[in-house]
Asks: 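Let me begin by handing over the structure; questions about it come next.
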Amino acid sequence: MSAHCQLTGTAPVFGNNVSHSHRRTRRRWNPNIQHRRYWLPSENRSVRLTLSARAVKTVDKIGIEAAVARIRARGGKV
């Protein structure tokens with residue numbers, strides 16, 4: 001799968017490199033994607049999530065149960 005966060009939906013952004021002479025070439029900014037494994041006590045199993053660095057901090061703040069609920073509310077599969 002492409003560089004895409006399951007929790008926040010962050011995806012690559014596209015734009016141009018602009019040289020000193022103003023020639024433009026296409027480029028892409030990728031989010032800082034990390035793969036993390038969390039234990040999900042309600043289902044008695046671990047889940048592997050593809051998260052951005054910001055989403056990892058969000059999971060630490062709100063908890064894995066709430067994060068999985070948000071992912072499922074967005075229509076994601078966990």
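On a predicted model such as this, the values are computed, not experimentally measured, just so you know.
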Asks: I'd like to check L49 versus H35 (side-chain heavy atoms, cut-off strictly below 4.5 Å). Are they in contact?
Replies: no
Asks: Do side-chain atoms of Q6 reach the backbone of G76 as a donor and acceptor pair under 3.5 angstrom?
Replies: no
Asks: Count I, L, V, M, F, W, Y as connected when their side-chain heavy atoms are under 4.5 Å apart, and connections chain through other members. Are I71 and I62 then in the same cluster?
Replies: no
Asks: What distance do L40 atom CG and E65 atom CD have between them, rounded to the nearest 0.5 Å?
Replies: 4.5 Å
Asks: Check the pair R37, V47 against side chain to side chain contact (heavy atoms under 4.5 Å, CB included), reporting the backbone distance first and the verdict last.
Replies: CA-CA 6 Å; R37 207 169 103 178; V47 291; over 6 Å; no
Asks: Taking all atoms of both residues into account, what is the closest heavy-atom pair of N16 and R27, and its distance?
Replies: C-CG, 3.8 Å
Asks: So do V56 and Y38 actually touch side chain to side chain, heavy atoms under 4.5 Å?
Replies: yes
Asks: For the CZ atom of R26 and the CZ atom of F14, what is their distance to the nearest 0.5 Å?
Replies: 8.0 Å
Asks: Do R54 and T8 have side chains that approach each other closer than 4.5 Å (heavy atoms only, starting at C-beta)?
Replies: yes
Asks: Measure across G9 and H4 and return the closest heavy-atom pair with its distance rounded to 0.1 Å.
Replies: O-CE1, 3.6 Å
Asks: Closest approach of C5 and I33, non-hydrogen atoms and distance?
Replies: N-CD1, 3.9 Å
Asks: Would you compute the distance between atom CZ of R74 and atom CG of L7 and round it to the nearest 0.5 angstrom?
Replies: 7.5 Å
Asks: What verdict does the side-chain hydrogen bond (donor to acceptor under 3.5 Å, both in side chains) test give for S52 and Q34, after you've listed the backbone C-alpha separation in whole Å, the side-chain angles of each residue and the deciding distance to 0.1 Å?
Replies: CA-CA 6 Å; S52 63; Q34 309 291 324; over 6 Å; no
Asks: Let me confirm one number: the CD1-CZ distance from I64 to R36, rounded to the nearest 0.5 Å.
Replies: 12.0 Å
Asks: What do you reckon, is CZ of R23 surrounded by more than 12 foreign heavy atoms closer than 6.0 Å?
Replies: no
Asks: Within a reach of under 6.0 Å around CZ of R48, are more than 12 heavy atoms found that belong to other residues, nucleotides or ligands?
Replies: no
Asks: If I compare all heavy atoms of P31 with all of A3, which pair ends up nearest, and what's the gap?
Replies: CG-O, 3.9 Å
